[in-house]
Each structure stands twice: as structure tokens, then as C-alpha cells.
Amino acid sequence: MIIGGSASQKLAAKIAKELECPLIPIETKRFPDGERYVRIKGQVDEEVTVVQSTGYPQDENLIELFLILKNLKSMGVKKIKVVIPYFGYGRQERRFKSGEAVSAVIIANLLEAAGADEIFCINLHEDNIREFFQIPVHNLSAMKPIADHIKETINDPVIVAPDKGALGFAREIAEILGCEYDYLEKTRLSPEVVETKPKNLDVKGKEAVIIDDIISTGGTIVNASKILKEHGATKVIVSCVHPVLVEDALLKIFAADVDDVIATDTLRSDVSLISVAQIVADAIK
């Protein structure tokens, strides 16, 4: 039995279809003062899977999720699996300055208190977030469906990480596709001059696919795209797991002469073309 929160209704429907299990509708709305209202519109089994991404508006989506979970427990559900495709408040997983709230820990505690028994996420920003829970947490990778999409649409790609931090994603996709991969490296030529270029590969005449976990403001991607075009890439396609895409990020990326942007449906956006439903369904099974 699958329940989809208002942030992930289409993804919840796809997961239910993959699992061949019923999709239970819910009613959600706001009271005039802005508070959330949630009602489960159907009978529930002893085990339920709830699908709710917690991207923007993070606070609203989290409160709705907490209400759903606690409500299901009060209705007699014994086990609740929670699919959180994008884990909001996951960037602050440690205290960098004195007095800072460690949001990832707080959200983990609240999810458990609300009734979550097992959690499935897609490419957590930091894998150590799982350590904040006392319940099983699965960090699934969206690189396989992204690689499958690249294989269907691009001939002989080279996979490029915009920085060393994203190199693992590029390597994972390249290994699936059997193609080359690289990352952009900064080299200081003088106190005033820094050169950024692919570390090992020559991208001239090739179709380059930039891969990252999150695209937020788009600044990193714009810089990487311009560099690849300057080094002779015939096409630059941008791909990510979580299309946060703050404000005019997508416009900025296309203005940088990017040929296409593709992302998964962990968050709803104009470029959420690749579904993670299959990998979630396989994990739930």
C-alpha cells in the first residue's frame, strides 16, 4: 500500500505501479491561517509506504510528512516505510560554527518520533546522515537510471564531474556505460591566474555530460559548461539527481550554451525526465 504526499504524487503513483500495489489517496489543504490539514481517504493495512520529498517548501512538506506518519500510527499501522527522494535540511550534518543547529540530526529525530520505521532516500548529500537514525536508512543511487537515459540519447559520451567532489558519480555512470570520465581541476598558474580544465581527458569533438547530485543556483554548472565548450566539446548536456534549481538557475544554465538539462523526479521540475520509481520499488521489495 502506497501513500503519496503532495510533493511526490506522480512518483508515488509510479512506484505503486511498479509494485502492483494499491495507491491510497489523501486529502491535504491549508487552513486560512496557513496550518496543514491531512486526511487519509481509505482503509490502511498493517504496513504502508509513504512517499514524500522534502524540497521547497521544505517546512510545509516536512510538517505534512510528520502529520501523515503520526496519523497512520494512530490508525493502527504497524510498519511505515518512508521514501524521501530528496532529504531536505540535509546540508547541515555537522556544527561548523558554535551555536549552529545541526538540522540533519534534528530532522532524523523528528522522523523517528513521528513513526517512521524504515527510510529510503536517493543520493543523500552526505551519506553519514544515516548514522543519525536508530532505524534502517537506505541511500539509493540514481546513477543507473541516469546512465540508461544517457545511453538511449547520446552516442559515445564522456562523463565529466564539475569538481572532484562529484567524481564518484561520474565514475559510477561511466562504469555502467563503459565510457571515459573525468573531472574539472583547478590549477594555479600564478597568484592571479587560475586555470580550470579536464584533468586527464581531451574533450575536443566529444559530447560531454556533466553530472552532479544537486543543482541549486547553477553557478558551478555554468562555469563547468563554459570550460568544456572552450575546450572543444561539441555538445554539453547537464544531468543531476536533485533539480533544486533556485530562482532563474535553469535560465542561467541554458544561457551558458548548454544543449540540454536532464534530472530525476526526486523533485518536480521542468527537467525531471528520469524516474527513480524502479530503483525505489526494487529496494522496497
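The CD1 atom of I176 sits 7.0 Å away from the OG atom of S141 when rounded to the nearest 0.5 Å. A distance of 11.5 Å separates OG1 of T220 from CD1 of I214, quoted to the nearest 0.5 Å. Here R130 contributes atom CZ and H138 contributes atom NE2; the two are 9.0 Å apart, rounded to the nearest 0.5 Å. How far CD1 of I262 is from OG of S269: 11.5 Å, rounded to the nearest 0.5 Å. The CD1 atom of I68 lies 10.0 Å from the CD1 atom of I80; values are rounded to the nearest 0.5 Å. Atom SG in C179 sits 8.0 Å away from atom CG in D156 (nearest 0.5 Å).
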Point to revise | Test side-chain contact (heavy atoms from CB on, under 4.5 Å) applied to I284 and V83, step by step | key: CA-CA 9 Å; I284 291 173; V83 178; 3.9 Å; yes
Exercise for review: Could you walk me through whether L184 and L228 pass the side-chain contact (heavy atoms from CB on, under 4.5 Å) test, one step at a time?
Suggested key: CA-CA 9 Å; L184 297 184; L228 292 172; 4.1 Å; yes
**Study point:** Worked check of side-chain hydrogen bond (donor to acceptor under 3.5 Å, both in side chains) between Q134 and E112
**Key:** CA-CA 8 Å; Q134 302 300 311; E112 290 189 45; 5.5 Å; no
Point to revise | Test side-chain contact (heavy atoms from CB on, under 4.5 Å) applied to M1 and I24, step by step | key: CA-CA 7 Å; M1 179 173 288; I24 303 301; 3.3 Å; yes
Review point. Going through the distances and angles, do N109 and F132 end up as a side-chain contact (heavy atoms from CB on, under 4.5 Å)?
Key: CA-CA 8 Å; N109 293 341; F132 304 150; 5.9 Å; no
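V209 has its side chain out of reach of V158: every pair of non-hydrogen atoms, C-beta onward, lies at least 4.5 Å apart. Side-chain contact between I210 and I159 is absent, with no heavy-atom pair separated by less than 4.5 Å. Residues S275 and E18 fail the side-chain proximity criterion, which asks for heavy atoms closer than 4.5 Å. Looking only at side-chain heavy atoms (C-beta outward), N61 and Y56 stay at 4.5 Å or farther from each other. M75 places a side-chain heavy atom less than 4.5 Å from the side chain of I40. Counting only heavy atoms from C-beta outward, the side chains of H125 and F87 never approach each other to under 4.5 Å. At least one side-chain heavy atom of L111 sits less than 4.5 Å from a side-chain heavy atom of L65. Considering only heavy atoms from C-beta on, I215 stays 4.5 Å or farther from V244 through its side chain.
Using a 4.5 Å cut-off between side-chain heavy atoms of Ile, Leu, Val, Met, Phe, Trp and Tyr, with links allowed through other members, I237 and I211 fall into the same hydrophobic cluster. Cluster annotation: V51 is connected to I122 through the hydrophobic network of ILVMFWY side chains, with a link wherever side-chain heavy atoms come within less than 4.5 Å. No continuous path of hydrophobic side-chain contacts links L267 to V50 [ILVMFWY only; heavy atoms under 4.5 Å]. Transitive grouping of hydrophobic side chains (ILVMFWY, heavy atoms separated by less than 4.5 Å) keeps V246 and V261 in distinct clusters. Hydrophobic clustering, with ILVMFWY side chains joined whenever heavy atoms are under 4.5 angstrom apart, groups L124 together with I106.
With hydrogens and angles disregarded, a donor-acceptor distance shorter than 3.5 Å links the side chain of E64 to the backbone of S6. The main-chain N or O of T264 is found under 3.5 Å from a side-chain atom of S272 such that the two form a donor-acceptor pair. Under a 3.5 Å cut-off, the side chain of T266 and the backbone N or O of P85 do not form any donor-acceptor pair. Using a distance-only test at 3.5 Å, with no hydrogens or angles considered, no donor-acceptor pair links the side chain of E207 to the main chain of A233. Remark: the backbone N or O of V241 is not paired with any side-chain donor or acceptor of D213 at under 3.5 angstrom.
Annotation: salt bridge (charged side-chain N to carboxylate O under 4.0 Å, His left out) contacts of K206 (sequence neighbours excluded): E180. Partners of Y86 by ring pair (Phe, Tyr, Trp, His ring centres under 6.0 Å), not counting sequence neighbours, listed by chain and number: H242. Partners of K144 under the side-chain hydrogen bond (donor to acceptor under 3.5 Å, both in side chains) rule, at least two apart in sequence or in another chain, are D148. Under the rule for a side-chain hydrogen bond (donor to acceptor under 3.5 Å, both in side chains), the partners of K79 that lie at least two apart in sequence or sit in another chain are E118. Residues that satisfy the salt bridge (charged side-chain N to carboxylate O under 4.0 Å, His left out) test with R95, not counting sequence neighbours, are absent from this structure. Not counting sequence neighbours, N128 has no partner by the side-chain hydrogen bond (donor to acceptor under 3.5 Å, both in side chains) test. Every residue meeting the side-chain contact (heavy atoms from CB on, under 4.5 Å) condition with D33, not counting sequence neighbours, appears here in chain and number order: F31, E35. Scanning for side-chain hydrogen bond (donor to acceptor under 3.5 Å, both in side chains) contacts around D117 gives K73, with sequence neighbours left out.
Here the shortest heavy-atom pairing between N71 and V38 reads ND2-O, 4.5 Å. Of all heavy-atom pairs between F133 and I129, the closest is CD1-O, 3.5 Å. Heavy-atom minimum distance, I279 versus L140: O-CD1, 3.9 Å. Between A249 and T217, the shortest heavy-atom contact is CB-O, 3.2 Å. L62 approaches Y89 most closely through the heavy-atom pair CD1-CD1, 3.5 Å. Minimum heavy-atom separation, D45 to V77: O-CG2, 3.5 Å.
For K252, the NZ atom is densely surrounded, since the number of other residues' heavy atoms within 6.0 Å is greater than 12. In K204, the NZ atom is not crowded: 12 or fewer heavy atoms of neighbouring residues, nucleotides or ligands sit closer than 6.0 Å. Residue F254 places its CZ atom among more than 12 non-hydrogen atoms of other residues, nucleotides or ligands, all under 6.0 Å distant.
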Below 3.5 Å, can you tabulate the donor-acceptor pairs from side chains in residues 7-16 to any protein atom, sequence neighbours excluded?
from, atom 1, to, atom 2, distance (Å)
S8, OG, S53, N, 2.8

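For the pair D257 and K229, the salt-bridge criterion is met [side-chain N within less than 4.0 Å of a carboxylate O]. The pair D265-R268 does not count as a salt bridge, with every side-chain nitrogen at least 4.0 angstrom from each carboxylate oxygen.
Looking at N139 and D127, their side chains do bring a donor and an acceptor atom within 3.5 Å of each other. Side chains of E100 and Q92: a donor-acceptor N/O pair is present below 3.5 angstrom, by distance only.
Residue pairs meeting the salt bridge (charged side-chain N to carboxylate O under 4.0 Å, His left out) criterion with at least one partner in residues 164-174, sequence neighbours excluded, do not occur; the list is empty. Sorted by first and then second residue, the pairs that involve residues 46-60 and meet salt bridge (charged side-chain N to carboxylate O under 4.0 Å, His left out), not counting sequence neighbours, are R30-E60, R36-E60, E47-K81.
Other cluster members for L251: none, since no ILVMFWY side-chain heavy atom sits under 4.5 Å from it.
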